[in-house]
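This report refers to the structure that appears directly beneath it.
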Amino acid sequence: MMTRRILVGATTLAVLLASGGCQNSPVAEPGSPSPQTLQATLDAWRARADVPAVVLGVSDSDAAHWLGASGTPERAGAVGVTTDARFRIASITKVFVAVVVLQLVEEGRLGLDDPVSRYLAADVARHVTIRQLLNHTSGIPDYTLSDGFNKQLLEQRERRWTAAEVLALVKDKESDFAPGTGYSYSNTDYILLGEVIKQVSGRSWSQEIRHRILEPLSLDSTHIAGAEPVPKPVVPGYFDADNDGTVENVETGGPWPALETSEGPAGAMVSTGADLVTFGHALFRGRLVQEPTLRAMVTEGPYHPRFSNYGLGLEIMRPDYRTTIWGHGGFLPGFRSALWYVPSRDAVIVVLTNDARANPADLAELVMRKLPVRGGAS
């Protein structure tokens with residue numbers, strides 16, 4: 001794998017902080033926010049957003065990390081959340097899956113424009129290519145929008161879904177559009193990619209992620225829920241499950257097989273702020289895929305609003321209508337998350353929250369605005 005960076009900077013934010021919140025660290029270079037400024041920004045945002053617990057991670061161009069935590073895992077709890085808390089990262093999982101698929105492409109074992117039918121007999125993927133699954137231009141309906149599906153997740157928590165059962169939810173549904181002629185975000189696309197990985201590699205998508213990403217990067221606090229044990233429980237997650245206007249904790253402190261197995265490669269992973277910062281740092285600085293592949297991941301498609309786009313497993317955003325962001329957000333009952341790379345700052349920003357109403361991109365943008373611009377970029 002190539003190791004040179006996509007963009008090179010020279011700032012140092014701070015050192016990696018120990019779990020449990022902010023500690024003293026070296027003074028940041030001129031123009032960079034201090035650890036105290038970052039912590040104050042985090043605390044103020046959490047209070048305004050009324051989110052129980054938030055973990056924020058920032059990594060600069062020299063791989064120095066800052067981690068901060070704010071709030072309590074349980075709403076109005078007595079014990080503060082720590083920076084090593086585990087959150088469901090939801091659709092950020094898709095970035096890991098996309099990396100595995102693209103590594104297989106680099107190895108010549110898979111082609112981006114190969115028809116999915118070359119690897120799978122799934123009726124829902126006729127005339128669809130691997131590229132169209134990666135960038136959501138397949139037209140395949142999203143299984144999570146099926147009638148009664150989310151209700152089943154809450155009422156039949158112990159059920160274990162198979163990929164075939166998930167795909168059956170949309171088997172008889174009409175396509176949103178002809179493949180390659182539009183864009184519609186569909187979790188079904190990544191369920192299919194998980195099956196393609198298994199067919200091509202001979203191992204499950206979760207085993208490939210562990211072998212290719214988690215172990216090489218020593219992401220010891222990241223796990224694929226539903227496919228392997230999660231040693232520590234995720235934090236409580238708040239969600240208005242009964243639509244009464246009040247959020248409730250929908251986590252039990254144990255596994256949630258129905259959620260985890262139905263999400264699978266579309267959103268089943270559990271991680272920490274530190275691990276996601278490390279993952280983002282490795283991805284956007286060329287340690288996981290070659291530079292041409294990364295450029296392809298962030299190449300914009302034609303079927304999007306002006307300031308929002310989707311590449312091969314990565315969102316391309318301009319939240320202030322000017323600054324380009326590469327990354328992905330995540331949403332599951334009880335959790336919202338964001339993984340950002342800001343090319344003009346050469347910085348990775350991670351936000352993990354345990355309230356489905358939270359807007360982690362809002363905090364990420366506030367932090368981004370405090371980071372110095374590199375080389376006059378915007």
Side-chain angles (χ1 to χ4, degrees), residues 50-53 73-75 86-94 97 122-125 133 136 138-176 184-195 205-206 223-228 230 233-270 328-337 352-360:
D50 191 28
V51 178
E74 295 184 355
R75 185 170 287 280
R86 285 169 167 81
F87 292 73
R88 298 192 189 275
I89 64 171
S91 286
I92 294 175
T93 301
K94 292 180 175 71
V97 172
D123 291 339
V124 299
L133 295 181
H136 297 296
S138 71
I140 299 172
D142 187 347
Y143 72 92
T144 66
L145 302 180
S146 301
D147 291 342
F149 175 72
N150 290 320
K151 185 178 180 182
Q152 285 188 60
L153 296 184
L154 293 163
E155 294 181 351
Q156 302 176 30
R157 297 178 67 103
E158 299 305 312
R159 175 178 177 176
R160 295 188 65 85
W161 289 75
T162 66
E165 290 171 334
V166 170
L167 294 173
L169 294 173
V170 297
K171 183 180 67 171
D172 298 324
K173 292 190 175 182
E174 185 178 349
S175 296
D176 293 336
S184 181
Y185 187 91
S186 176
N187 288 286
T188 314
D189 291 338
Y190 278 73
I191 299 296
L192 286 162
L193 286 171
E195 293 300 287
W205 68 273
S206 58
H223 303 277
I224 299 97
E228 60 185 24
V230 179
V234 299
V235 298
Y238 289 86
F239 179 66
D240 184 5
D242 54 10
N243 292 314
D244 66 351
T246 302
V247 295
E248 304 89 23
N249 176 19
V250 294
E251 290 289 337
T252 65
W256 189 346
L259 178 71
E260 296 158 356
T261 59
S262 64
E263 284 288 330
M269 292 178 67
V270 169
H328 215 291
F331 167 83
L332 276 177
F335 298 91
R336 290 287 296 269
S337 53
L352 301 176
T353 73
N354 68 338
D355 190 327
R357 303 172 305 175
N359 181 8

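Position 1 is the first residue of the sequence; numbering continues from there.
Residues Val247 and Phe239 fail the side-chain proximity criterion, which asks for heavy atoms closer than 4.5 Å. Counting only heavy atoms from C-beta outward, the side chains of Tyr143 and Asn187 approach each other to under 4.5 Å. A 4.5 Å side-chain heavy-atom check between Phe87 and Val235 finds at least one atom pair inside the cut-off. The closest side-chain heavy-atom distance from Met269 to Ser206 is not below 4.5 Å. A heavy-atom distance below 4.5 Å is not found between the side chains of Phe335 and Thr353. Two residues are said to be in side-chain contact when any heavy atoms from C-beta on lie closer than 4.5 Å; Leu167 and Thr188 meet this criterion. Residues Pro265 and Leu193 fail the side-chain proximity criterion, which asks for heavy atoms closer than 4.5 Å. Two residues are said to be in side-chain contact when any heavy atoms from C-beta on lie closer than 4.5 Å; Asp355 and Pro52 meet this criterion.
Among residues at least two apart or in separate chains, salt bridge (Lys or Arg N to Asp or Glu O under 4.0 Å) pairs with a member in residues 244-263 are Arg88-Glu251, Arg88-Glu260.
Remark: aromatic rings of Phe149 and Trp161 are close, center separation under 6.0 Å.
For Gln156 (side chain) and Gln152 (main-chain N/O), no donor-acceptor pair under 3.5 Å exists by modelled atom type. Under the 3.5 Å distance criterion, the side-chain polar atoms of Trp256 are matched with a main-chain donor or acceptor of Leu153. No donor-acceptor distance shorter than 3.5 angstrom exists from the side chain of Ser138 to the backbone of Leu133, with no hydrogens or angles considered. Panel note: side chain Ser175, backbone Ile140; no donor-acceptor pair is recorded below 3.5 Å. The closest donor-acceptor contact from the side chain of Ser186 to the backbone of His136 lies at 3.5 Å or more, if one exists at all. Of the possible donor and acceptor atoms, one in the side chain of Arg336 sits under 3.5 Å from a partner among the backbone N and O of Ala358. Not a single donor-acceptor pair under 3.5 Å links the side chain of Ser91 to the backbone N or O of Gly329. Looking at Arg86, its side chain never comes within 3.5 Å of a backbone N or O of His223 through a donor-acceptor pair.
Looking at Lys173 and Asp142, no side-chain N of the basic residue comes within less than 4.0 Å of a carboxylate O on the acidic one, giving no salt bridge. The existence of a salt bridge linking Arg159 and Glu165 is confirmed by a sub-4.0 Å separation between a basic side-chain nitrogen and an acidic carboxylate oxygen.
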request  = With side-chain contact (heavy atoms from CB on, under 4.5 Å) as the test, would you mind laying out the steps for Ile89 and Leu352 before giving the verdict?
outcome  = CA-CA 8 Å; Ile89 64 171; Leu352 301 176; 4.2 Å; yes
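Nearest approach of Asp176 to Ser184, heavy atoms of both residues: OD2-OG, 3.5 Å. Closest of all the heavy-atom pairs between Lys94 and Ala266 is NZ-O, 2.7 Å. Nearest heavy-atom pair, Thr246 versus Asp242, reported as atom, atom and distance to 0.1 Å: O-OD1, 4.4 Å. Of all non-hydrogen atoms in Leu332 and Ala90, the two that sit nearest each other are CG-CB, 3.6 Å. Pro141 approaches Val170 most closely through the heavy-atom pair O-CG1, 3.7 Å. Closest non-hydrogen pair, Trp205 versus Ile224, comes out as CH2-CG2, 3.2 Å.
Under a cutoff of 6.0 Å and an axis angle of 45°, Arg357 and Tyr238 do not form a cation-pi pair.
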